[in-house]
A.B. asks: 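Before I ask anything, let me first share the structure, which is written out below as structure tokens.
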Amino acid sequence: MTTIEKTNKHIMQSYGRLPFALESGSNSTANATVIDFGSGIGTNSLGYCDSDWAEAVCQQVRTLQHCSNYYYNKPAADFADKLCTITGYTNMFMGNSGAEANECAIKLARKYSYDKYGKNRHKIVTLVNSFHGRTLATLSATGQANMHDFFFPFVEGFIHVEANNTVDLAEKLSDDVCAVMIEYVQGEGGVVPLEQGFVDLIYMLCAEKDILVIADEVQTGVGRTGKFLAGEHYGKSADITTMAKGLFGGLPAGVCLANEKCSGVLTAGTHGSTFGGNPVVMAGGLVVLDKVAQPAFADEVTAKGEYIRERLGCCSEVVSIDGLGLMLGINLKTKKAADVLQSSLEKGLLVLTAKEKVRLLPPLNITYEEIDRGLQILEEILT
Ligand SMILES: *Cc1c(COP(=O)(O)O)cnc(C)c1O
């Protein structure tokens, strides 16, 4: 049986996979010839098998692969120290995915409010079209009606506000709300950046009412938008920020960062994860931080994003391009995003879609040569 046959036989069919198996990769190129503008949904932030990253991971796997959170480990300590220094946060919880990072943020926000105000102030406002993960709580948080089928009962206490609708927001911030959770640029929801005025109002109203702001930067974080955190574009720092996807260069982990005010809420026994802070994953993450947190690196991301926009802006099929940095959503005139994705694969280019848009999340260190090769294919399809 081939990889595809075995997968279809023995891995649950919860994904609509494309008929393409990856075997190896280097820089932003898979299987020696296929240009990757999707980077494993934004996870391979340094492309495939970056040599410094691979070296650090391999060395750690030969030294100490795991020890659990009953004990201390240096890679996790070093990673946490470095990420707090870069972001200004006080501390973090370490889990294994974006959903788990958000699950932690939800628990933290509810306990913060419970500790201070008691019961019945547990509601969390999220945005329509948001995406926060696939666990029951994060699915309940996700503001997409088509994801709220089958799995009843969902977790109670989530209210959805229309993105960029200030009236809806003001109406729904009632006295039983403990947190507002946002993506600065909605990713799965269709690469939709929030407006500055809307973000300003969230922070203003939340500050007045001691409501926590949770920024889900699982997709937008770690340099994706041309800043280390997308909140920097808006001049904002949330009480709680979650990160995952690109943070460990393609290894699975997620973190929930807390500011001073929220740093002492999760006390011993209130939350946990067997694999959280795994040394091998953390060793990879340290290399990602070393590279991505350099100001010159962020500027490169911005420049590459602008270059792609300029080139694609000339295609007759392109109506407009949304997003920030190397997180781009292309609005098409007549073609369907799913068809563009299919044609791209046939010509040797991997892209993503988000709602009706073609979505690009290339590795942050993609070379201009690889960008040009990918763009040539896209331009052929979109002209
Ligand atoms: C991908 C994503 C998640 C979920 O991350 P997983 O690692 O798949 O659990 C949560 N929030 C946002 C904004 C995401 O893009």
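Predicted model, so just to flag it, every value in this text is computed and none were measured. When a ligand or atom number is given, it counts from 1 through the structure's own listing order. Note that the numbering runs from 1 along the sequence shown for the chain. In what follows, every heavy atom counts, from backbone to side chain, and hydrogens, waters and symmetry copies are set aside.
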A.B. asks: Could you tell me, atom by atom, which parts of ligand 1 come under 4.0 Å of a heavy atom of Q219?
C.D. replies: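 Under 4.0 Å from Q219, ligand 1 has these atoms: 15 (O).
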A.B. asks: Look at the side chain of N31 and the backbone N and O of A21, then say whether any donor-acceptor pair between them is shorter than 3.5 Å.
C.D. replies: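 Present.
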A.B. asks: So which protein heavy atom does atom 4 (C) of ligand 1 come closest to, and at what separation?
C.D. replies: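 Answer for atom 4 (C) of ligand 1: A99 N, 3.7 Å.
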A.B. asks: Polar contacts were defined as any N/O atom of the residue lying under 3.5 Å from an N/O atom of the ligand; does this apply to G133 and ligand 1?
C.D. replies: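 Checking ligand 1 against G133, no N or O pair falls under 3.5 Å apart.
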A.B. asks: Just going by heavy-atom distances, which of D216, T138, T220 is nearest to atom 11 (N) of ligand 1?
C.D. replies: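 The option holding the nearest heavy atom is D216.
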A.B. asks: When you measure from atom 5 (O) of ligand 1 to every protein heavy atom, which one gives the shortest distance, and what is it?
C.D. replies: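 I find the closest protein heavy atom is G98 CA, 3.3 Å.
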A.B. asks: Verify, without hydrogens or angle tests, whether Q376 (side chain) and R373 (backbone) share a donor-acceptor contact under 3.5 angstrom.
C.D. replies: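 No; zero donor-acceptor contacts below 3.5 Å.
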A.B. asks: For atom 2 (C) of ligand 1, find the nearest protein heavy atom and state the residue, atom name and distance (0.1 Å precision).
C.D. replies: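 Protein heavy atom with the smallest distance to atom 2 (C) of ligand 1: K245 NZ, 2.5 Å.
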A.B. asks: Does the plane of the ring in Y307 sit parallel, tilted or perpendicular to the ring in Y368? Use 30° and 60° as the thresholds.
C.D. replies: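 Perpendicular.
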A.B. asks: Could you tell me if the side chain of L83 sits less than 4.5 Å from the side chain of M92, heavy atoms only?
C.D. replies: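 Yes, close enough: below the 4.5 Å cut-off.
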A.B. asks: Is the ring centre of Y114 less than 6.0 Å from the ring centre of H122?
C.D. replies: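 Not under 6.0 Å, so no.
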A.B. asks: When the ring centroid of F152 is compared with that of F150, is the distance short of 6.0 Å?
C.D. replies: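 For F152 and F150, the ring centres are not under 6.0 Å apart.
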A.B. asks: Can you find a protein heavy atom under 4.0 Å from atom 8 (O) of ligand 1?
C.D. replies: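 No, because not a single protein heavy atom sits under 4.0 Å from atom 8 (O) of ligand 1.
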A.B. asks: Looking at S97, which atoms of ligand 1 are within less than 4.0 Å of one of its heavy atoms?
C.D. replies: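 That gives atoms 7 (O), 9 (O) of ligand 1.
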A.B. asks: Side chain, backbone, both or neither: which part of N102 has a heavy atom under 4.0 Å from ligand 1?
C.D. replies: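 The answer is the side chain.
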A.B. asks: Can you find an N or O of E183 that's nearer than 3.5 Å to an N or O of ligand 1?
C.D. replies: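 Looking only at distances, the answer is no, because the N/O contact criterion of under 3.5 Å is not met.
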A.B. asks: Would you call K74 and D78 a salt bridge, taking side-chain N to carboxylate O under 4.0 Å as the test?
C.D. replies: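 So K74 pairs with D78 through a salt bridge.
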